[in-house]
2 protein chains.
Amino acid sequence: MGISERKEREREEMKTMITTAAMKMFLEDGYAKTSIRNIADAIEYSPGTIYLYYKDKDELLFEVQGQAYLKLLEAFKQNVTSTDPLEKLEQLGKTYVSFGLANPELYDLMFIIRAPTNVDETTHGHNGDATFNYLISLIEECILADLLIFKNANQAALQIWSMAHGLVSLNLRCRLKVMIPEEASIPEILHKAIEEYLISIRA
Amino acid sequence: MGISERKEREREEMKTMITTAAMKMFLEDGYAKTSIRNIADAIEYSPGTIYLYYKDKDELLFEVQGQAYLKLLEAFKQNVTSTDPLEKLEQLGKTYVSFGLANPELYDLMFIIRAPTNVDETTHGHNGDATFNYLISLIEECILADLLIFKNANQAALQIWSMAHGLVSLNLRCRLKVMIPEEASIPEILHKAIEEYLISIRA
DNA sequence: GGATTTACTGAACACTGTTCAGTACATTTG
DNA sequence: CAAATGTACTGAACAGTGTTCAGTAAATCC
């Protein structure tokens with residue numbers, strides 16, 4: 001009988017309906033300002049219903065995080081077009097920075113926000129792996145070709161990601177104002193910082 | 001007449017009483033989990049009283065932030081002891097990282113948390129300036145002695161701070177787990193990352 | 001067609017930041 | 001000294017939050 005299959009399908013539809021609304025509202029107003037009641041209103045259901053599909057607001061956050069990581073991965077794939085590994089790394093870095101500047105609320109939700117309750121690691125701990133592995137593979141390619149000063153990919157990733165995340169997150173928290181001229185173009189300055197950094201770690 | 005002076009003094013005492021309790025509770029439980037009612041309870045006053053001294057929870061946050069920045073500055077002054085500028089920069093970097101690892105809730109409050117309402121810039125925008133200037137002066141010293149690849153201090157600070165903040169904040173959000181071995185000592189790895197980075201930006 | 005399962009509701013609970021009428025005490029004035 | 005004024009503080013109330021759960025109505029099963 002196809003009833004249970006249909007029900008399962010309907011359940012999935014309901015879940016995507018919730019996450020779609022949540023993603024939209026998180027993007028527009030941020031995670032903190034989006035309440036379960038608001039989301040319920042948007043999809044025209046009662047607040048209690050959401051808890052039949054997601055255990056709490058955090059679980060909703062992690063669902064949306066997963067989607068956001070994939071969005072970033074898509075951006076990587078679209079913008080990393082060169083054949084030269086080092087150039088690819090530069091394209092990736094600039095894509096990362098641009099992504100953070102263009103989607104501040106999304107970036108917040110992906111890397112800055114602290115989920116009130118710590119989520120179960122075994123189930124949700126790896127929803128950014130595909131995106132992270134894209135970075136790691138590219139770094140490995142660079143190291144294999146002896147283009148970087150690093151010998152270990154994880155060690156290199158630690159530094160490269162930290163630099164990129166530092167630039168984006170300090171900017172999102174308005175901490176760069178003291179270091180850059182009033183009229184300067186922030187994307188330009190951050191891109192230049194990425195460029196310079198990558199030059200300094202060339203083998 | 002000394003009455004108004006005494007009142008002013010009492011007002012200041014009350015303010016420090018509030019901020020001291022707030023700082024303690026922010027440190028222990030974090031900003032989000034500390035409520036005005038909790039603080040009021042701790043100092044044995046009613047919640048309304050706090051609003052006679054601080055306009056809202058944000059203003060309290062900025063007050064505590066200021067104190068935290070000074071605490072970091074103290075740590076800098078205590079640990080930056082070398083005579084060699086580059087060595088001093090390394091000591092500063094390691095102090096920064098250690099500070100963040102040792103006081104995660106404080107670091108959060110200083111650099112990661114987004115205050116719900118954006119505070120008035122003219123009054124509170126510069127409460128971290130002394131600490132930041134310490135970094136800038138040191139970088140200028142390095143640049144003047146031609147020890148760094150940078151020609152501009154702000155440009156250098158942008159990168160150096162971003163790297164340090166990236167390392168600390170990604171660690172606080174458990175994003176480094178994928179890059180470092182299970183049993184590794186995080187302080188050691190982050191210190192090594194700082195060391196390596198500083199080597200790569202040497203002139 | 002009657003029993004059971006399922007999906008959903010919306011009121012209720014315990015919290016949050018913030019406001020404000022009311023009070024009790026300190027100070028000033030007549 | 002007594003009355004009037006000023007000040008510091010209270011705690012209930014407001015509007016919001018995440019979350020739970022008894023109750024209901026519809027779909028499914030037997």
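Convention: sequence-line order gives letters A, B, ...; per-chain numbering from 1. This one's a predicted model, so the numbers in the text were calculated from it and none came from an experiment.
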On DNA chain C, nearest-nucleotide positions of A:K7 versus B:I36: which is more 5'?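 It is A:K7 whose nearest nucleotide is closer to the 5' end.
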Nucleotide of [options] approaching [X] most closely (side-chain heavy atoms):
{"X": "B:S46", "options": "D:dT17, D:dT10, C:dT9", "answer": "D:dT10"}
{"X": "B:K57", "options": "D:dT17, C:dT18, D:dC9", "answer": "C:dT18"}
{"X": "A:Y51", "options": "D:dT17, C:dC8, D:dT20", "answer": "D:dT20"}
{"X": "B:R6", "options": "C:dG17, C:dA26, C:dA7", "answer": "C:dA26"}
{"X": "A:Y45", "options": "C:dC8, C:dG10, C:dT18", "answer": "C:dC8"}
{"X": "A:R37", "options": "D:dA8, D:dT17, C:dT18", "answer": "D:dT17"}

I'd like to know whether NZ of B:K24 has more than 12 heavy-atom contacts from other residues, nucleotides or ligands below 6.0 angstrom. no
Counting heavy atoms not belonging to B:E10, are there more than 12 under 6.0 Å from its CD?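 Yes.
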Under a 4.0 Å N-O cut-off, is there an ion pair linking B:K177 with B:E182? no
How close or far is atom [atom2] of [N] from atom [atom1] of [X], stated in whole angstroms?
{"X": "B:I50", "N": "C:dT19", "atom1": "CD1", "atom2": "C1'", "value": "14 Å"}
{"X": "A:K33", "N": "C:dG17", "atom1": "NZ", "atom2": "C1'", "value": "14 Å"}
{"X": "B:M17", "N": "D:dA8", "atom1": "CE", "atom2": "P", "value": "16 Å"}
{"X": "B:Y53", "N": "C:dG17", "atom1": "OH", "atom2": "P", "value": "19 Å"}
{"X": "A:D29", "N": "D:dG16", "atom1": "CG", "atom2": "P", "value": "15 Å"}
{"X": "B:E44", "N": "D:dG11", "atom1": "CD", "atom2": "P", "value": "13 Å"}
{"X": "B:I39", "N": "C:dT16", "atom1": "CD1", "atom2": "P", "value": "11 Å"}
{"X": "A:E10", "N": "D:dA26", "atom1": "CD", "atom2": "P", "value": "16 Å"}

Name the nucleic acid region contacted by [X], choosing base, sugar-phosphate or nothing; use a 4.0 angstrom heavy-atom cut-off, strictly under.
{"X": "A:T49", "result": "base"}
{"X": "B:R11", "result": "nothing"}
{"X": "A:Y54", "result": "nothing"}

Return the orientation label for the A:F111 and A:Y96 ring planes: parallel under 30°, perpendicular over 60°, tilted otherwise.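 The rings of A:F111 and A:Y96 sit tilted, inter-plane angle from 30° to 60°.
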Phosphate-side-chain proximity, A:N38 and D:dT17, N/O vs OP1/OP2 below 4.0 Å: yes
Do A:F132 and A:H126 have their ring centres less than 6.0 Å from each other? no
